[in-house]
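Here the structure is laid out as structure tokens; the discussion comes afterwards.
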Amino acid sequence: MKKTLLSLALALLSSLSMSAKDYTDTLVVTVNGTASGQTATISVDKNSDGTYNFNLKNFMLKMGGQTMGIGNITLNNLKAATSSKGDVVTTSQNINITAGDDPNVGKWMGPMLGTIPLDLKLLVNDEKLYTLIGIDMKMLNQKILVTFGDNYQLPNSGFEDYRTEQISKLNDEYQQVTVNVEEPLNWHSFASATGDYAQAANALSDAHTYSSTEVRPNSTGKKSLLLTSASVFGITANGTITTGRMQAGDYDAASTKNCAFLSTDNTSTDSHGDPFYALMDGTPDSIAVWVKFKQGTPSEEHPYATISAAITDGTYYQDPQDKVYANVVATAKDAKIASNDFAWQRIVVPFNYNDNDVKAKAMLVTISTNADAGQGSATDRLYVDDISLIYNVDKPAVTVNGQIVTLDKEEVSANAADPAKATIVATTANKGAFGAIRELSNTDTQRKVELLYCSDDLQTIKTYTLVINKGTETGISQIETATNKESKVYDLNGREVKTMRHGNVYIFNGKKVLK
């Protein structure tokens, strides 16, 4: 008997350990607008009832070269909503931060803060954990935003942090000297370029990138990027910055050997140890950036600065393209950024998505002082600040057993012969959003669920309550055509499908259909 009880206990412990998972990723802490990054591990346990336990151990603030120990952030029994992308957890509650156990920390601030309000959002699946934490530490007069595993916005998007690249340059006496050049973290220009002409381009021109205290209106940051053009033997070298890597491969400025490129297979890193690519899990609707632009010598034929972006599967891609690339999910480009009297302006550029099955994995963004290679003047200036990816959540939809339910108020209702077994599909027509469902209650006569329509980055979540009452419903219909490419088809989990299989049930034109 004792042996049987021991076996059962061991089996229970084994099942619990299998449900617990540690995620290690980059944790970015923003305090009153100033951000810093660190590597951290978050533990997430999924309980047998589908709820989650969350634990961020030894949380620290690292600002201005100093480290402050905060402590452990632990929340238990968090209810989750299910979606095709993973489980979604959202909660707002008052918590007490406990002391950590890192021996290198002499004092933990968390226990001294008392009860504090905390907002938590999670997207968790077998591969990845994405976390947003908002903390209002009134005692320290600090509002803290924590992101973990964020591949939905570009890193260092406010151009607050810089590294030093060293280049060899010829001075006025044609002597070779070493010069330090500032490039923003996670962004790259000519000082970190590769290619046959990279060394010559740096030796014969001034630097192209500088940190600046000139910030856009109402900015919470303290810096922006100043991007400048230069002259090499009388030819204008456009100031260019990219999330990939610059290649100076030809004397001819218009050659596609002069480009920005990315490849997640590339193991090269910059002087800070960062790769020459930006990972991307999201599918944003548009990209926005603040700019302030002035040409040193106005050009009527080439008056514009430019920004372009491409979401790819992470394999090699370059801008400008040297061929047709089949690994592109979507592109966005504005090649007509005018001076606007050298005033700050916010540019918003929509993404155009390709009709393919390519999965988003990386993003190449390129910003330049001129839309045409080698054009403009050698004294053009372009300030860049606060670039962001926009995910819209304005096209939610839901069906119950294939019947559309209009989401015209916060609580909506539908009928089903068996509410407990009713198939609910929450979808959205927005590229950068998805639907999730959280069970609230379930009886023989009524079922309540919460519908969450989430932007990919979880910054926006719209919620509705759906009440399904026991009653007469309409049966599923037979699909009339399988060739209408204008209408999207989803499986019963809300995932878009390209090919329908005979005998399966799908959502087509908002209705449940049998192929």
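Keep in mind that what you see is a predicted model, and the values were worked out from it rather than measured.
Considering every non-hydrogen atom in both A207 and T228, the closest pair reads O-OG1, 3.2 Å. Taking every heavy atom of both residues into account, D250 and S255 meet most closely at OD2-OG, 3.4 Å. The minimum heavy-atom distance between L120 and L78, with the atom names listed, is CD2-CD1, 3.8 Å. Counting all heavy atoms, side chain and backbone alike, S189 lies closest to T209 at CB-CG2, 3.5 Å. Nearest approach of K223 to S211, heavy atoms of both residues: CD-CB, 4.5 Å. Minimum interatomic distance between V289 and D385 (heavy atoms only, all atoms of both residues): CG2-O, 3.8 Å.
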* Show your working on side chain to side chain contact (heavy atoms under 4.5 Å, CB included) between K143 and L145 and close with a plain yes or no. => CA-CA 7 Å; K143 289 189 175 181; L145 174 64; over 6 Å; no
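Judged purely by distance below 3.5 Å, without hydrogens or angles, the side chains of D313 and T315 pair a donor atom with an acceptor atom. Between H302 and N370, the side chains place no donor N or O within less than 3.5 Å of an acceptor N or O (distance only, hydrogens not considered). Side-chain atoms of S271 and E165 include a donor-acceptor pair closer than 3.5 Å. For the residue pair D274/H272, the side-chain donor-acceptor check at 3.5 Å is satisfied. Checked by atom type, the side-chain pair S43/D22 shows a donor-acceptor distance below 3.5 Å.
Enclosure of atom CG in N218 is not indicated, since only 12 or fewer non-hydrogen atoms of other residues, nucleotides or ligands lie within 6.0 angstrom. Around the CD atom of Q199, the shell of radius 6.0 Å holds no more than 12 heavy atoms that belong to other residues, nucleotides or ligands.
Contact annotation: the side chain of V89 never approaches that of D87 to less than 4.5 Å [non-hydrogen atoms, C-beta and beyond]. Within the 4.5 Å cutoff, the side chain of W187 has heavy atoms near those of the T243 side chain. A heavy-atom distance below 4.5 Å is not found between the side chains of N125 and K85. Using a 4.5 Å heavy-atom threshold, the side chains of T283 and F434 count as separate. Under the 4.5 Å side-chain criterion, counting only non-hydrogen atoms from C-beta, N266 is in contact with F261. Using a 4.5 Å heavy-atom cutoff, the side chains of K257 and Y197 are not in contact. Put simply, the side chain of N53 does not reach to within 4.5 Å of the side chain of N55, judged on heavy atoms. For the pair Y130 and D457, the minimum side-chain heavy-atom distance is below 4.5 Å.
The backbone N or O of P284 lies less than 3.5 Å from no partner atom in the side chain of D456, so there is not a single donor-acceptor pair. Using a distance-only test at 3.5 Å, with no hydrogens or angles considered, a donor-acceptor pair links the side chain of T242 to the main chain of V365. The closest donor-acceptor contact from the side chain of S229 to the backbone of S377 lies under 3.5 Å. At distances below 3.5 Å, at least one donor-acceptor pair connects side-chain atoms of N202 with backbone N or O atoms of F190. Remark: side-chain polar atoms of R245 are paired, donor with acceptor, to backbone N or O of S192 under 3.5 angstrom. Side-chain N or O atoms of N430 include none that pairs as donor or acceptor with a backbone N or O of G432 at under 3.5 Å.
For K128 and D25, the salt-bridge test passes: some basic side-chain N is under 4.0 Å from an acidic carboxylate O. We find that K169 and D206 are joined by a salt bridge, their nearest charged nitrogen and carboxylate oxygen being less than 4.0 Å apart.
Ring pair F276/H188 is tilted by interplanar angle, where 30° to 60° counts as tilted.
Remark: K431 qualifies as a cation-pi partner of Y353 under the 6.0 Å distance and 45° angle criteria applied to the six-membered ring. For K323 and Y325, the positive end sits near the middle of the six-membered ring, less than 6.0 Å away and at most 45° from its axis.
Atom OG1 of residue T463 and atom CG of residue L452 lie 6.5 Å apart, to the nearest 0.5 angstrom.
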